[in-house]
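All values reported here derive from a predicted model rather than from experimental measurement.
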Amino acid sequence: MKKIEIKTPSCESDIYCGEGAIKKVLPEVLGGRNIFTVTDSNVYKLYGGFIAQNFAPLGEVHVIPAGEKSKNYSCLLGILKHMLSAGLKRGGTVVALGGGVVGDIAGLAASLYMRGVRLVQIPTTLLSQVDSSVGGKTAIDLCGVKNIVGTFYQPGTVIVDPLFLKTLPAREIRCGLGEIIKYGALDKEIYVKLIENKNHLKSDEFLRDITYDCIAHKAEVVRKDERESGLRKTLNLGHTTGHAFELFYKRKSHGEFVLIGMYYELYIAVKKGICGREYADSLIELIKKVITVPAYENAAGACRGAAYDKKNLKAGEISMVVPAEAGRAEEIRMDMEEYASYISACAQSLKEKL
């Protein structure tokens, strides 16, 4: 087990990562505290005994329906009402036990209740372990727009244990690999490891090793830019188009849409001369090891959802972060019509390859 610390002017966050982290850290983190646990129906079904033994004796357990559909204000209010009825005090702790949806909504509830109570993140999916549980972003969706209502609220503790990965379906592994490959496009050492292990991306040993590397990269970024005013924007690589497609098409997981978004945005980066063809092809090879990129029929229409992306600074202008070279990404901006034209051209090129 390894420990990573994030210290910023507003917070301190300890991240424990590795085999056995739950057994070693959980008793100390939760001992003697008033606990309110948020989990989802999938996790509760798989780990009901674990929850009953470790969390139920310390306080209430609130179970939400699994899936992105739970990231809404009604579900958020339900959590807050249950916190109040459970008698959770300012000295209590909210535990987010689940994937990205649980982490996002439970984190937001913790930031709002009594103007902020202690938060512990225990991510149970690959994506939440390598990315969403770390860094303090909390959010719900509103009117079909992802993560538009939220706060920056750092967890006091994050416990990342690979034991939860053993029960994940293949789709959740693909979802996590979407964020891992994103980190490969941002960090040269992670990129090299991905290339060296491109035929073993889903192996347990590789995932255990690369999870720590991704968390360490994100932690360093958050230390330098907690509120996403500059450097932290790079962590949105692949997300501008990915979120737009996710909003429109819905049928794949978030991490898969990140990879699809990265593919389409790599097309733009190459066409604009920002990313070299050889490097782009190496990233595309990694993407295709995980998913088949769709040649969307209405890609130009679907991508217009990017107008709601939080990185955009001006109306009608799209901002995105694209790979430039190994270890370096670059932010580019263009108007909506130019952006839609590129996305449409990329979809057409994919059709021609079929």
- Message: In the structure I gave you, are the side-chain heavy atoms of Y212 and V160 within less than 4.5 Å of one another anywhere?
- Response: no
- Message: Counting only heavy atoms not in Y153 (residues, nucleotides, ligands), do more than 12 fall under 6.0 Å from its OH?
- Response: yes
- Taking the six-membered ring of F257, is the NZ or CZ of K252 close enough (under 6.0 Å from the centre) and on axis enough (within 45°)? no
- Spacing of NZ belonging to K23 relative to CG belonging to N54, to within rounding of 0.5 Å: 10.5 Å
- Does the distance from a Lys or Arg side-chain N to an Asp or Glu carboxylate O, for K198 and E285, drop under 4.0 Å? yes
- Task: Answer yes if the side chains of H239 and E246 hold a donor-acceptor pair under 3.5 Å, and no otherwise.
- Result: no
- Starting from the C-alpha separation in whole Å, work towards a yes-or-no answer on side chain to side chain donor-acceptor pair (under 3.5 Å) for T125 and E172. CA-CA 7 Å; T125 64; E172 285 295 337; 4.6 Å; no
- Between the side chains of T167 and Y47, does any donor sit under 3.5 Å from an acceptor? yes
- Query: Would one find more than 12 heavy atoms of other residues, nucleotides or ligands at under 6.0 Å from atom NZ of K166?
  - Reply: no
- Item | Nearest-0.5 Å distance that lies between atom CG in L30 and atom CG in L26 | 4.0 Å
- Item | Polar contact flag, side-chain donor to acceptor under 3.5 angstrom, Q154-T8 | no
- Message: Are more than 12 heavy atoms, taken from residues, nucleotides or ligands other than Y308, located less than 6.0 Å from that residue's OH atom?
- Response: no
- Note on the structure: Given the options L201, L126, D213, I180 meets side-chain contact (heavy atoms from CB on, under 4.5 Å) only with L126
- Message: We want to know whether S128 and S133 form a side-chain donor-acceptor pair, criterion being a heavy-atom distance below 3.5 angstrom.
- Response: no
- Any chance you could lay out the side chain to side chain donor-acceptor pair (under 3.5 Å) test for S349 and E352, step after step, and finish with the verdict? CA-CA 5 Å; S349 73; E352 292 169 358; over 6 Å; no
- Does the ring centre of H217 sit less than 6.0 Å away from the ring centre of Y183? yes
- Message: Under a 3.5 Å threshold, yes or no: a donor from one side chain and an acceptor from the other, between N199 and K289?
- Response: yes
- Could you state the interatomic distance from CG (L266) to CZ (R277), rounded to the nearest 0.5 Å? 8.0 Å
- Taking the six-membered ring for Trp and the full ring for Phe, Tyr or His, determine whether the centres of F50 and F55 are under 6.0 Å apart. yes
- Message: For the residue pair N236 / K182, report whether a side-chain donor-acceptor contact shorter than 3.5 Å exists.
- Response: no
- Message: Can you classify the ring geometry of Y342 versus Y267 as parallel (below 30°), tilted (30 to 60°) or perpendicular (above 60°)?
- Response: perpendicular
- Message: Under a 3.5 Å threshold, yes or no: a donor from one side chain and an acceptor from the other, between T241 and E265?
- Response: yes
- Cluster question for you: counting only ILVMFWY and a side-chain heavy-atom cut-off of under 4.5 Å, with indirect links fine, are V102 and M83 together? yes
- Task: Answer yes or no: does atom CD of E19 have more than 12 heavy-atom neighbours from other residues, nucleotides or ligands under 6.0 Å?
- Result: yes
- Taking everything shown except K69 itself, do over 12 heavy atoms lie less than 6.0 Å from its NZ? yes
